Q: 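To start, I am sharing the structure in question, which I have written as structure tokens.
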Amino acid sequence: MVTTCGRSPLRRALGAAGGGAFRWAYVGRDVAQFRRVERLVGGTARYVDTTETFHAAAEQLREPYLEYVYRLGKELGSLRWWVSRTSHRGSYTSWGYHQIVCLRTAIELISRSSGLEPLLLVVGDGAVGRALHRTLPHVFSVRFFGIRQWPLWATATDIVRMLGHRMAFLLREAWRMAVARCLARAGTPGRRGATLLVSPVDATTLDGERGFGEPYFGDLADQLARREESVAIVPFVSRGVSYVRTMRVLRAHRYPVLVPHRWLRVRDLVWAVAKTATPPPRPRTVPPLEGMEVGPLIDEESREDWVSNWSAESLLMAALLRRWVARGVDIERIIYLYENNPWERALCWQARELLPGTALVAYQHSRLPRFLLKFFLAPGEEAIQPQPDRIVTPGVYGARLLREHGHGAGRIRVGGSLRTWRLLSPAARGDAGERESREPLVVIALQMEWEDTAELLDRVASAFAGDDAIRVVLKPHPLLPLAVIRRRLGDALPSWLPATDEPLSVLLRRAAVLVYGGSTACVEALVFEVPLVHVRPRFVMDTDPLEAVPDARLEATTTDELRERVRWLLAHRDAYVVAQRGRWQAVVRDMVGPVTDATYEAFIR
């Protein structure tokens, strides 16, 4: 039996089980949803853990999926396609791949059920249920509950939702244009070819002690200016910060600031709305993937893309570039953070058309786990996907990984870790092996991605509840602060779990162990010689930055394993650090290189 998570279909499925012995499994990404289902099912059925099946499916489908999207791109490769969610394949903005892995997991569970107790399979996404219904109509005897084809009236609802989103888009962007014209200086770069530094503006940027732009690019702007480059800042303002405050802060910036909304016009907003008034392109017939009918999943993602303002916002970067060209801005190079997001593709697409002589240089500043698929290309995809001329990596590891996964060696340059170079210097780090306190402090490093954070908190709460011998403290990500976590979890977040906003570099001096899922805090912990426990997720992709060096940390999948690993490290910490020290130093050197003159030259030569 297959059912959605809705209370009514789930109760009907439980009634159909007839009160006899049966097994149940959950296939989805929401740990809170899983817990609700667990309570409804109760203790009468045996739970089938899907962790190993899910991760095996993710590994098996990774390359076929990249090639599948590449083939779609060859057929549909317009600008509208390249800014779509399916093309983006970001693990937290595009859930298509996760749903496909869930579909394969469900098929595997059903195919293994012959001769066993009946299986109640609960799917978290209706689209996965519809795809499963299409894939297994005649192969297995499966009863479906709550799996409905998309009704015609829902299309009318989507049109209304889309129009509402576009109206909000027009109002918000027009308001930003008005604020920028009132508060921002009319920054213009120097007379000769300018180097534009597209710098994120978020909570870490505005509140950081080092000033605007430095948390990501360090002193890159100053170093380029010393090399007589004409530097100008292009602020990329996050919705999580005050736009008015940002404009006021930017007035005091020491470099010319090209605020995008001072250059954009109302007709650019209308153009973006018109370009996204229809759904993104799709094949007339969606081809199967590895024998699975994935059409409902592609359609669901396309529908969500169309309804949201995701693509319209990305297209504004292409409009901005056209405005610069029309105003005669002389641009020698554009430097930005490489995450291969849709706005970056819009930038590359438009620059290739209007500014063929401008160098596009991207800085790969953060983690590169293999299941952040947006960073990786299928063989041959580099020739068709809008990409920068050069990608500068913080270390040898990132360069090696990109070269092995679709990026030409000539486009990849090893730079240095602009974000953490102060941390890597011996003077700043001090004696990493000396703890300021011997208290058994266990730091839980959370991520900015909600699904990963919720699942890790669920594990931690189960593992350490009532254990007064271990002091646990949460370290939230700056872009997912504790206030947001508390608002979303409510009473599900235990009151005994404290949190801190101390800088990580300070906190690690007191930490005995760091527990993480996919946070890059693990790399900083190795610098400070803090032992690690990686918690392998059950329901989402494993995005461990240290996946290539599993011997550098311990790993836990179950609650019992997490508790045992932490206790063992607390008991054997000193000996473990001595044994691992050389390995950790080698890992850090591979992942985050020092900042030298060659680092800055990699951006301009």
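Everything numeric in this text was worked out from a predicted model, so none of it was measured.
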Q: Measure from the side-chain N and O atoms of Arg583 to the backbone N and O of Asp551, and report whether any donor-acceptor pair falls under 3.5 Å.
A: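 Not a single qualifying donor-acceptor pair exists.
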
Q: So how far is it from Ile298 CD1 to Thr86 OG1, rounded to the nearest 0.5 Å?
A: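 Those atoms lie 5.0 Å apart.
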
Q: Could you tell me whether Tyr363 and Tyr216 have their ring centroids closer than 6.0 angstrom?
A: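 Judged by ring-centre distance (under 6.0 Å), Tyr363 and Tyr216 do not meet the cut-off.
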
Q: Donor-acceptor pair, distance only, cut-off 3.5 Å: does the side chain of Thr453 make one with the backbone of Trp450?
A: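 Checking the backbone N and O of Trp450 against the side chain of Thr453, no donor-acceptor pair under 3.5 Å is found.
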
Q: Just by modelled atom types, is the Pro537 backbone N or O under 3.5 Å from a matching donor or acceptor in the His55 side chain?
A: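 Yes; judged by distance alone, with no hydrogens or angles, the pair exists.
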
Q: Among Phe603, Trp343, Phe236, exactly one meets ring pair (Phe, Tyr, Trp, His ring centres under 6.0 Å) together with Tyr336. Which residue is that?
A: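 Going through Phe603, Trp343, Phe236 one by one, the ring pair (Phe, Tyr, Trp, His ring centres under 6.0 Å) with Tyr336 is satisfied by Trp343 alone.
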
Q: Kindly determine whether Tyr516 and Asp452 satisfy side chain to side chain donor-acceptor pair (under 3.5 Å), including the steps that lead there.
A: CA-CA 10 Å; Tyr516 75 103; Asp452 300 69; over 6 Å; no

Q: Apply the side chain to side chain contact (heavy atoms under 4.5 Å, CB included) test between Thr246 and each candidate in Asp202, Val259, Val241, Val179; give the one that qualifies.
A: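 Among the candidates, only Val241 passes.
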
Q: So does Arg176 pair up with Glu173, basic N to acidic O under 4.0 Å?
A: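 Salt bridge absent between Arg176 and Glu173.
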
Q: Backbone N or O of Ile233 within a donor-acceptor pair of the Ser199 side chain at under 3.5 Å?
A: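 Answer holds: no.
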
Q: Under a 4.0 Å threshold between the charged nitrogen and the carboxylate oxygen, would Arg413 count as salt-bridged to Asp389?
A: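 No, no charged N to carboxylate O under 4.0 Å.
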
Q: Is the shortest distance from a Lys or Arg side-chain nitrogen in Glu75 or Arg284 to a carboxylate oxygen in the other one below 4.0 Å?
A: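 Judged by the 4.0 Å cut-off on N to carboxylate O distance, Glu75 and Arg284 do not form a salt bridge.
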
Q: How many angstroms lie between atom CG of Leu61 and atom CG of Leu289, to the nearest 0.5 angstrom?
A: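 With rounding to 0.5 Å, CG (Leu61) is 6.0 Å from CG (Leu289).
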
Q: Within this structure, what is the CG-CZ distance for the pair Leu402 and Phe375, rounded to the nearest 0.5 Å?
A: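 Answer rounded to 0.5 Å: 8.5 Å.
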
Q: Spell out, as yes or no, whether a donor-acceptor pair under 3.5 Å connects the side chain of Arg322 to the backbone of Leu354.
A: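 Not a single qualifying donor-acceptor pair exists.
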
Q: So which heavy atom on Glu301 is nearest to which on Trp95, and how close?
A: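 Looks like OE2-N, 3.4 Å.
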
Q: So how far is it from Phe376 CZ to Leu368 CG, rounded to the nearest 0.5 Å?
A: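 If I round to the nearest 0.5 Å, the distance is 5.0 Å.
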
Q: For the side chain to side chain contact (heavy atoms under 4.5 Å, CB included) test, which of Val588, Val549, Val592, Leu514 pairs with Leu526?
A: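 Testing Leu526 for a side chain to side chain contact (heavy atoms under 4.5 Å, CB included) against Val588, Val549, Val592, Leu514 leaves exactly one candidate, Val588.
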
Q: Is the closest basic N to carboxylate O distance between Asp597 and Arg227 below 4.0 Å?
A: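 A salt bridge is present here (some side-chain N lies under 4.0 Å from a carboxylate O).
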
Q: Is there a donor-acceptor pair closer than 3.5 Å between any side-chain N or O of Trp81 and the backbone N or O of Pro280?
A: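 Between the backbone of Pro280 and the side chain of Trp81 there is no qualifying donor-acceptor contact (under 3.5 Å).
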
Q: Examine distances only and state if a side-chain atom of Arg345 and a backbone atom of Ser87 form a donor-acceptor pair shorter than 3.5 Å.
A: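 Indeed, once roles are kept as given, a pair shorter than 3.5 Å links the two residues.
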
Q: Salt bridge check: are Asp158 and Arg161 linked by an N-O gap of less than 4.0 Å?
A: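 Yes.
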
Q: Side chain of Gln387, backbone of Glu382: donor and acceptor closer than 3.5 Å?
A: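 Answer holds: no.
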
Q: Checking Glu313 against Asn309: is there a side-chain donor and acceptor pair closer than 3.5 Å?
A: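 No.
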
Q: Please give me the minimum heavy-atom distance between Tyr243 and Trp175, naming the atom from each residue.
A: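 In this case the closest contact between Tyr243 and Trp175 is CB-CZ3, 3.8 Å.
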
Q: Atom CG of Leu377 and atom CZ of Arg89: how far apart are they, to the nearest 0.5 Å?
A: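 If we round to the nearest 0.5 Å, Leu377:CG and Arg89:CZ are 6.0 Å apart.
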
Q: Determine whether the side chains of Glu339 and His365 contain a donor N or O and an acceptor N or O closer than 3.5 Å.
A: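 On atom types as modelled, these side chains qualify, holding a pair under 3.5 Å.
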
Q: Between Pro235 and Leu250, which heavy-atom pair has the shortest distance, and what is it?
A: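 Distance-wise, the nearest heavy atoms are CG-CD1, 3.6 Å.
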
Q: What are the two closest heavy atoms between Val587 and Ala552, and how far apart are they?
A: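 Minimum heavy-atom separation between Val587 and Ala552: CG2-CB, 4.4 Å.
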
Q: Would Asn341 and Ser314 count as having a side-chain donor-acceptor pair, cut-off 3.5 Å?
A: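 Per modelled atom types, Asn341 and Ser314 side chains form no pair under 3.5 Å.
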
Q: At their closest point, which heavy atom of Arg367 faces which heavy atom of Thr543, and how far apart are they?
A: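 So the two residues come closest at NH1-OG1, 2.9 Å.
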
Q: Are Arg370 and Glu59 close enough for a salt bridge, meaning some N to O gap below 4.0 Å?
A: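 Answer for the salt bridge query: yes.
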
Q: I need the Ile391 CD1 to Tyr338 OH distance, nearest 0.5 Å.
A: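 It comes to 4.0 Å.
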
Q: Going through the checks in order, is the side chain to side chain donor-acceptor pair (under 3.5 Å) test met by Arg166 and Thr276?
A: CA-CA 9 Å; Arg166 295 302 184 276; Thr276 59; 3.1 Å; yes

Q: Are Lys475 and Glu524 ion-paired here, with the side-chain N under 4.0 Å from a carboxylate O?
A: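 Salt bridge flag = no for Glu524 with Lys475.
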
Q: Please check this pair: side chain of Arg411 against backbone of Arg390, looking for a donor-acceptor N/O pair closer than 3.5 Å.
A: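 The answer is no, because no donor-acceptor pair under 3.5 Å joins these two groups.
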
Q: Short question: side chain of Trp306, backbone of Ala277 - any donor-acceptor pair under 3.5 Å?
A: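 Yes, the answer is positive, given that a donor and an acceptor are paired below the 3.5 Å cut-off.
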
Q: What heavy-atom pair brings Leu79 and Ala346 nearest, and what distance separates the two atoms?
A: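 Where Leu79 meets Ala346 most closely, the heavy atoms are CD1-CA, 3.9 Å.
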
